[in-house]
Novice: 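Dropping a structure here in C-alpha cells format, bear with me for questions.
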Amino acid sequence: MTTIRHTWDVTPAEAIALQKELAGRVEQVRLTAAVETIGAVDCAFLAGGKQIVATAVVMGAKSLEVIARAYAVAPVKMAYIPGLLTFREAPAELEALAELPVEPDLLLVDGAGRAHPRRLGIAAHLGLWLPMPTIGVAKSRLCGEHRAVGATRGSSVKLLDEGEVIGKVVRTRDHVQPLYISVGNRITLEEAVAWTLRTATRTRLPEPIRAAHHMAGELKKKLA
DNA sequence: GCGACAG
DNA sequence: ATCTTGTCGC
C-alpha cells in the first residue's frame, strides 16, 4: 500500500507545488475491503485562532454508534487560503487520528477531495497519507459548476470543472442545502455518494461528521 | 483589473 | 472557521 510522508512546514508556493505533484497519485477505484466502521475528522479554533482542536471519531458502519473518540490540540501555522486549507488543518487532524485506539475502515473528511482546483483537497491529501479510503464532504463549493439539484433527498448532479467530473452535488435532506461530495482516495464517486447518503440519516451531514463537529465544539468551550 | 473562494 | 437570539419552515 502506498502512503506519503512530507513536511507540513511549507510556504504557500511550496504547498501548491506539492499538491500538483501529489494529485496524480489519487486512486479512484472501488472499495476493496468491507466497511465495518466509519470515521470522521473535523476541527475548531481556540485562543482567537491561534490554536486548533482536531477531533476524530469512529462509528459502527451499520449502527452509527460511536466506538471511539480522540482529539489533539496544536498551534495554527498557516492562514486560511482557499485551496490550501489542508496545510492549516491536516496536521492536527492527523494527530487526532493517531490518538484513536482503532482505525476506521473508511474516513469522511469535512472539506473537498478531488473537487479542488488542483484535484487535491484535504480529503484526497489525507487519503494519500492514510491507509484507508477517504471521502470529501464539503458544505459548499470550492470550484466547478453544476446544474440545479432536485429538491428531494437523494437527488444529485455532476460537479464539473474543465470538462471533467470532479464530484457530485448531493441533497441529503428534502429542501436543505446540498453537500459537495468528491473522492478522497481509494473509492469511486458513486460509492462516496452512496456512503454519504447511507450515513446522513437524520440530518444534512453524515453522522460521523456531525459527531466530530459536535465534539470539536464541546472541546472549544471546555478548553477556552 | 474584477470576482470567486472548502473551513 | 468565528462573532450570536430568535425565528421561519419542514
Side-chain angles (χ1 to χ4, degrees), chain A residues 8 12 15-16 19 22-23 26 40-56 71-94 96 107-127 134-146 150-155 159-162 166-185 189 192 196 200-206 208-210 212-224:
Chain A
W8 290 105
I16 289 174
Q19 292 180 326
L22 293 176
V26 168
V41 285
D42 191 32
C43 62
F45 295 85
L46 308 175
K50 296 299 180 185
Q51 287 187 308
I52 180 174
V53 197
T55 58
Y71 75 91
V73 177
V76 171
K77 294 187 174 181
M78 192 179 287
Y80 169 68
I81 298 172
L84 300 183
L85 169 73
T86 306
F87 297 83
R88 179 175 165 80
E89 307 186 343
E93 296 186 342
L94 285 170
L107 183 70
L108 302 182
V109 181
D110 201 339
R114 285 193 67 250
H116 176 280
R118 290 171 292 281
R119 307 293 180 264
L120 199 77
I122 189 167
H125 206 139
L126 286 179
T134 60
I135 298 175
V137 180
K139 299 182 292 298
S140 63
R141 184 191 65 86
L142 172 59
C143 67
E145 313 92 48
H146 64 86
T152 59
R153 168 182 161 84
S155 301
L159 178 60
L160 302 156
D161 190 37
E162 315 217 312
I166 60 174
K168 211 130 189 204
V169 188
V170 183
R171 192 86 69 182
T172 54
R173 294 228 25 172
D174 289 4
H175 307 297
V176 166
Q177 285 300 109
L179 255 27
Y180 292 75
I181 307 303
S182 60
V183 166
N185 195 22
L189 182 54
T196 296
T201 53
R202 36 190 280 254
T203 59
R204 174 165 88 127
L205 294 173
I209 289 189
R210 281 194 79 215
H213 190 270
H214 179 266
M215 185 181 169
E218 291 300 303
L219 284 168
K220 182 188 176 75
K221 287 192 294 181
K222 181 180 179 181
L223 302 176

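All chains are named by letter (A, B, ...) in the order of the sequence lines, taking the proteins before the strands, and each is independently numbered beginning at 1. Just so you know, these numbers use all the heavy atoms, side chains as well, and skip hydrogens, waters and symmetry mates.
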Novice: State the CD-OG1 distance between A:E93 and A:T86, to the nearest 0.5 angstrom.
Specialist: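 That separation rounds to 9.0 Å.
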
Novice: To the nearest angstrom, how far is A:H213 atom NE2 from C:dT2 atom C1'?
Specialist: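 My rounded result for the distance is 11 Å.
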
Novice: Measure the OG1-NE2 distance between A:T55 and A:H213 for me, rounded to the nearest 0.5 Å.
Specialist: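 If I round to the nearest 0.5 Å, the distance is 8.5 Å.
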
Novice: Would you check if A:L179 and A:L205 make a side-chain contact, meaning some heavy-atom pair closer than 4.5 Å?
Specialist: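 Of all side-chain heavy-atom pairs linking A:L205 with A:L179, at least one is under 4.5 Å.
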
Novice: Between atom CD in A:Q177 and atom C1' in C:dC10, what is the gap in whole Å?
Specialist: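 Distance check: A:Q177 CD to C:dC10 C1' gives 15 Å.
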
Novice: Does the plane of the ring in A:W8 sit parallel, tilted or perpendicular to the ring in A:F87? Use 30° and 60° as the thresholds.
Specialist: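 Perpendicular, since the angle between the ring planes exceeds 60°.
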
Novice: Tell me if the CD atom of A:E162 is crowded by more than 12 foreign heavy atoms within 6.0 Å.
Specialist: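 Not buried by this count: 12 neighbours or fewer within 6.0 Å.
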
Novice: To the nearest angstrom, how far is A:R153 atom CZ from C:dC10 atom C1'?
Specialist: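 The distance from CZ of A:R153 to C1' of C:dC10 comes to 15 Å, rounded to the nearest Å.
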
Novice: Verify the contact: side-chain N or O of A:K220 to OP1 or OP2 of C:dT2, cut-off strictly under 4.0 Å; return yes or no.
Specialist: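 Yes.
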
Novice: At what distance, to the nearest 0.5 angstrom, does OG1 of A:T134 lie from CG of A:L107?
Specialist: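 Result: 6.5 Å between the selected atoms.
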
Novice: Write out a two-atom table: protein N or O, nucleotide N or O from nucleotides 5-7 of chain B, distance below 3.5 Å.
Specialist:
residue : atom : partner : partner atom : Å
B:dC5   : OP1  : A:R141  : NH2          : 2.3
B:dA6   : OP2  : A:Y80   : OH           : 2.7
B:dA6   : N7   : A:G83   : N            : 3.2
B:dA6   : N6   : A:G83   : O            : 2.8
B:dA6   : N6   : A:L84   : N            : 3.2
B:dA6   : N6   : A:L85   : N            : 3.0
B:dA6   : N1   : A:I122  : N            : 3.2
B:dA6   : N3   : A:A112  : N            : 3.0
B:dG7   : OP1  : A:K139  : N            : 2.5
B:dG7   : OP1  : A:K139  : NZ           : 3.4
B:dG7   : OP2  : A:S140  : OG           : 2.9

Novice: Once you round it to whole Å, what is the distance between P of C:dC10 and CZ of A:R171?
Specialist: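 It works out to 14 Å between those atoms.
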
Novice: So, taking the atom named CZ in A:R88 and the one named CE in A:M78, what distance separates them when rounded to the nearest 0.5 Å?
Specialist: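 Nearest 0.5 Å value for the CZ-CE distance: 10.0 Å.
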
Novice: A quick test of your reading: do over 12 heavy atoms of other residues, nucleotides or ligands sit less than 6.0 Å from OH of A:Y71?
Specialist: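 No - once you tally the heavy atoms of other residues, nucleotides and ligands closer than 6.0 Å, there are 12 at most.
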
Novice: Please, what dot-bracket string fits DNA chain B when only Watson-Crick and G-U pairs with both distances under 3.5 Å count, crossing ones use [ ] and pairs to another strand use |?
Specialist: .......

